[in-house]
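A short write-up of the structure that comes next.
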Amino acid sequence: MPLPKAPTKPATILVPVPAAAARLERTERIPQEPEARKPEVPAVRPSLATRLAVVESKPRTSGRKTRSTEAPKLFVLDTNVLLHDPTSPFRFEEHDIFLPMMTLEELDSHKKGMSEVARSARQVSRTLDSLVASCKTPIEEGIPLSALGNKDARGRMFFQTQAAEVTLPASLPVGKADNQILGVVRMLKERHSERDVVLVSKDINMRVKARVLGLPAEDYYNDKVLEDTDILYTGILSLPANFWDKNGKAMESWQHGGFTFYRITGPIVADLLVGQFVYLENGSTFYAQVREIRGKSAVLRVLRDYTHAKNAVWGVTARNREQSFALNLLMDPECDFVTLIGQAGTGKTLLALAAGLSQTLETKRFSEIIVTRATVPVGEDIGFLPGTEEEKMAPWMGALEDNLEVLNKTDDAAGEWGRAATNDLIRTRIRIKSLNFMRGRTFINKYLIIDEAQNLTPKQMKTLITRAGPGTKVVCLGNIAQIDTPYLTEGSSGLTYVVDRFKGWQHSGHITLQRGERSRLADHAAEIL
């Protein structure tokens, strides 16, 4: 059997002593017979480039399918990517992952404490420990990412086992962690010119520095629902002006439970989603919600008009179309999950709180209202807060207090004493909870309001929503244009994430509130500032 062809650049395969390098250079210049070219056992340990090259030449046993037109990429992960999404190493499909030693050092420094960052760091450490323990081959050859059962991850994970032998510009301090990771990226790019080496980081400045040095860098896109939030699901669809002419003849209608239903067929059904609101304001006003889609037919339920005073909820009536749609969701016993997005002054908190009070104190559907929010300050933090959990959360609940004051003034006939008694009764049914103590809890027959949900990550949203037990309704409120959390954007916010994932589920609903109703000053400021 003929021997394999000798490498064309053997001097780059080893990182050797000068004598060994000279011997390899002479071997390359002097032609030899095929039988005389036998593999020589190196006297020095192979470099990382050698081991990666050997692994790439071997057939993968992890079920990986390498593209024929493009070699798999090698992604170098920054620490903030792992802390943002502990499962990120398994989100790169057939591509390989490289973890610099500085990334592991930074993970170790973040693992202490009870914060979300510390929990993520510990989760990543446990995952890496399981991966390393499952490896039966030398770690230098890479660890199959599918070893823990993640079938979609068909690449391998490599760890840095040698110091980076690349000199960065003198203007970059050597001791800084980011610069050491950049040095690793440059080293890999020089040693593996045949494949794409890309730095993945949530740090914008890190990506800018990488591109200045000529190194490819990307944001972590896996948890981004949308690149353009203008196409985010709004929950509302305007019907064409000729809707009744096209669908009137074959339409069926009936009444049940105090509501009127219509069954429609035709091409418009393909554009509908379960739970979506449709409207027609050409002549006669028609507001309805899609309740069911079967094949080419859909069932529409006519909505209750909450703009009328007779349908007021805790003294509050809707001032526009979207608010009426929102109250239909909030008061619907079949709807377990509601998301409301809108700019400041659109009435998100007021509507959610009014619906919660009505269903807690009047209809007794819920036992109490639980309000929570992400404690992210707009300016400087005010530091340590004394007192109980509710007292510590009180400074963050100014919006709740403002809306309670508005709702408590709706009944003028009650008098001052009556309003005071009502206020005391309301406060006995409202609990303010911190996000830090939500793990492991189960809420039964509760009305859970998650305010400022745009500042939560998808993982935090999952943690909160999965707390819901039987009879609990979860309402998420937020404005994705006002995100105060670092590393979160409009496309990667947990609120955007749940809106996209829950659309089309029959027990959920979403409304994007368009029109501000706070004051003409607030509306004008929101438009021009």
Using only atom types and a distance under 3.5 Å, with no angle test, would you say the side chain of Arg429 pairs donor to acceptor with the backbone of Ile369?
no

Within a reach of under 6.0 Å around NE2 of His507, are more than 12 heavy atoms found that belong to other residues, nucleotides or ligands?
yes

Within the 4.5 Å heavy-atom criterion, are Val474 and Arg467 side-chain neighbours or not?
no

Close side-chain approach of Phe277 and Leu329, heavy atoms under 4.5 Å:
yes

Ignoring hydrogens, what is the shortest heavy-atom contact between Val475 and Ala352? Give both atom names and the distance.
CG1-CB, 4.1 Å

Hey, could you give me the CD1/OG1 distance between Ile236 and Thr512, rounded to the nearest 0.5 Å?
6.5 Å

Rounded to the nearest 0.5 Å, what's the gap from SG on Cys476 to CD1 on Ile465? Could you check?
5.0 Å

Tell me the closest heavy-atom pair linking Val197 and Val185, and the distance in Å.
CG1-O, 4.1 Å

Check whether any side-chain N or O of Thr496 sits under 3.5 Å from a backbone N or O of Glu490 as a donor-acceptor pair, and report yes or no.
yes

Using 30° and 60° as the class boundaries, would you call the ring planes of His95 and Phe75 parallel, tilted or perpendicular?
perpendicular

More than 12 non-hydrogen atoms from neighbouring residues, nucleotides or ligands closer than 6.0 Å to CZ on Arg365, yes or no?
yes

Apply salt bridge (charged side-chain N to carboxylate O under 4.0 Å, His left out) to the pair Lys202 and Asp219, showing each step before the final yes or no.
CA-CA 5 Å; Lys202 298 291 293 180; Asp219 192 4; 3.5 Å; yes

Gln343: partners by side-chain contact (heavy atoms from CB on, under 4.5 Å), with sequence neighbours left out
Thr346, Asn479, Ala526

Quick one: do Thr339 and Tyr233 satisfy side chain to side chain contact (heavy atoms under 4.5 Å, CB included)? Show the steps, please.
CA-CA 11 Å; Thr339 51; Tyr233 174 65; over 6 Å; no

Could you check whether any side-chain N or O of Lys503 sits under 3.5 Å from a backbone N or O of Gly235, counting only pairs where one atom can act as donor and the other as acceptor?
no

With no hydrogens and no angle check, is any side-chain donor or acceptor of Thr285 less than 3.5 Å from a backbone partner on Glu281?
no

Please give me the minimum heavy-atom distance between Leu351 and Ala326, naming the atom from each residue.
CD1-CB, 4.2 Å

Could you name each residue pair satisfying ring pair (Phe, Tyr, Trp, His ring centres under 6.0 Å) that touches residues 283-305, not counting sequence neighbours?
Trp244-Phe286, Tyr262-Phe286, Tyr287-Phe325

Apply side chain to side chain contact (heavy atoms under 4.5 Å, CB included) to Phe243 and Val278, showing your working.
CA-CA 11 Å; Phe243 172 76; Val278 295; over 6 Å; no

Got a salt bridge between Glu334 and Arg291, using NZ or NE/NH1/NH2 to carboxylate O under 4.0 Å?
no

When you measure from the side chain of Ser493 to the backbone N and O of Gln454, does any donor-acceptor pair fall under 3.5 Å?
yes

Taking Ser358 for the side chain and Trp314 for the main chain, is one N or O donor matched with an acceptor at less than 3.5 Å?
no

Does any part of the side chain of Ser238, heavy atoms only, come nearer than 4.5 Å to the side chain of Tyr279, both counted from C-beta?
yes

Identify the two heavy atoms, one from Ala298 and one from Ile293, that lie closest to each other, and give their separation to 0.1 Å.
CB-CG1, 4.1 Å

How many angstroms lie between atom CG of Leu83 and atom CD of Gln123, to the nearest 0.5 angstrom?
11.0 Å

Rounding to 0.5 Å, atoms CG (Leu456) and CD1 (Ile450) come to a distance of 7.0 Å

Near Asp271 CG, under 6.0 Å, is it more than 12 heavy atoms from other residues, nucleotides or ligands?
yes

Check: Arg321 main-chain N/O paired with Ser324 side-chain donor or acceptor under 3.5 Å:
no

Would you call Phe502 and Asp336 a side-chain contact if the rule is heavy atoms closer than 4.5 Å?
no

Does the side chain of Ser367 reach to within under 4.5 Å of the side chain of Ile444, using non-hydrogen atoms?
no

Just how far is it from atom CG of Leu488 to atom CD1 of Ile483, taken to the nearest 0.5 Å?
6.0 Å

Can Asp332 and Arg301 be said to form a side chain to side chain contact (heavy atoms under 4.5 Å, CB included), step by step?
CA-CA 12 Å; Asp332 187 358; Arg301 188 181 73 179; 3.6 Å; yes

N/O donor-acceptor pair under 3.5 Å between Thr360 side chain and Leu357 backbone
no

Side chain to side chain, Leu300 and Val290, heavy atoms closer than 4.5 Å
yes

Note: Leu495 and Gly478 closest approach over all heavy atoms is CD2-CA, 3.7 Å

Write down the atom of Asp484, the atom of Asn455, and the distance for their closest heavy-atom approach.
N-OD1, 2.7 Å

Looking at side-chain heavy atoms only, is the closest gap between Leu330 and Tyr306 below 4.5 Å?
no

Heavy-atom check, side chain of Leu77 versus side chain of Thr103, under 4.5 Å
no

How far does CG of Asp96 sit from CE of Met157, to the nearest 0.5 angstrom?
10.0 Å

Flag yes if more than 12 heavy atoms outside Lys459 fall under 6.0 Å of its NZ atom; otherwise flag no.
yes

Measure from the side-chain N and O atoms of Asp500 to the backbone N and O of Leu232, and report whether any donor-acceptor pair falls under 3.5 Å.
no

Apply side chain to side chain contact (heavy atoms under 4.5 Å, CB included) to residues Leu107 and Thr79 and explain how you reach the verdict.
CA-CA 7 Å; Leu107 277 177; Thr79 313; 4.2 Å; yes

Quick check: does any side chain N or O of Asn150 sit under 3.5 Å from a backbone N or O of Asp152, one acting as donor and the other as acceptor?
no

Taking atom CG as the centre, does Leu237 end up with more than 12 heavy-atom neighbours from other residues, nucleotides or ligands that are less than 6.0 angstrom away?
yes

